[in-house]
Amino acid sequence: MALQQELQVQPKREVEKKRERTVPSAAFLPATDIFETDHALTVIMEMPGVGKENVDVSVENDVVTVEGRIDFSKYEGLQPVYTEYNVGNYMRSFQVSSKIEQSGISAEITDGVMTLVLPKAEKAKPRKIAVG
Amino acid sequence: MPTSFNNPFEALLAFQRALEARMASDWMDATTTGLGSFPPINIFQKGDDFVAVIELPGVDKKDLNIEAKENTIRISGRKTIAYDEAASVHRRERVFGVFDRTLSVPIQIDPDVVKAEYRDGVLALFIPRAERDKPRAIEIR
């Protein structure tokens, strides 16, 4: 049973710096699933600690960029005594090949998992060609 | 090691450094199931009490069980992911399955007063030190 498998820890991967940033902190790559159907591209990202008010999604030149910020104030007054993972903002972008219908993009975040549905533009949907 | 959180930009970096510096700590070595177990746990001190912060993105609250007994806290549950079978897959990085981890804290606790909060995929366990375990000031006559 695939469901019974024991979960393993996935070490967080840090974002490689492609551009310089002025915010002095490490950002992490959210674990991501991407699915494509005839109608839409679905991107699911795990960003624990990120609420719906702290996530930015933008699509520009076929690049989907997601930024999630953690509410760092919750950690105020806490002193780390034992740690197994690091905490930081999340950042990831993808180049998408299909033309995306910008107005139809929907995003929701539940339990730290964001589901982003990017509907394909009419012209990008595959056409069934009937053989005459 | 007091951490200052005055500058919001420096604060996160300082915090990340503090977490990083604690990575090699053997403080809990004998008392948890050890590194590599799921879910990863961070433990913080807040005055006399402890706060354990555990990342469990995508776990439904009702699939999460927390039991406290004596000075151990057991965190178990399952994480499920529903896949759309008709879709073609570009990336599949998320993992799912069952987990079970027991944490022993090196202080005496009252299992009844351990509080758990699950929000945005992060579980926070507030572990107050038992009254009987609190240090007493000894008066010198």
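Values in this document were obtained by computation on a predicted structure and should not be read as measured data.
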Using the side-chain contact (heavy atoms from CB on, under 4.5 Å) rule, pick out the option among A:E46, A:R92, A:M47 that qualifies with A:T32.
A:R92

Per side-chain contact (heavy atoms from CB on, under 4.5 Å), A:S106 is matched among A:V57, A:L116, A:T115, A:V117 by A:V117

Identify the two heavy atoms, one from A:V87 and one from B:L19, that lie closest to each other, and give their separation to 0.1 Å.
N-CD1, 3.6 Å

Nearest heavy-atom approach of A:F28 to B:Q16 is CE1-NE2, 3.9 Å

Please classify the contact of [X] with chain B as side chain, backbone, both or neither, using a heavy-atom distance under 4.5 Å.
X: A:I70; value: side chain
X: A:R69; value: neither
X: A:V50; value: backbone

Most heavy-atom pairs under 4.5 angstrom with chain A, which of B:S88, B:A124, B:G47?
B:S88

Which of A:G51, A:A31, A:G112, A:P48 touches chain B most, by non-hydrogen pairs under 4.5 Å
A:P48

So which residue, A:V113, A:T37, A:I34, A:T110, ends up with the most heavy-atom pairs under 4.5 Å with chain B?
A:I34

Just checking, any donor-acceptor pair under 3.5 angstrom between side chains of B:R101 and B:S76?
no

Does the distance from a Lys or Arg side-chain N to an Asp or Glu carboxylate O, for A:E108 and A:K52, drop under 4.0 Å?
no

Counting only heavy atoms closer than 4.5 Å, note whether [X] contacts chain A via side chain, backbone, both or neither.
X: B:I54; answer: backbone
X: B:V95; answer: both
X: B:V59; answer: backbone

Is the distance between the ring centroids of B:F50 and B:F44 less than 6.0 Å?
no

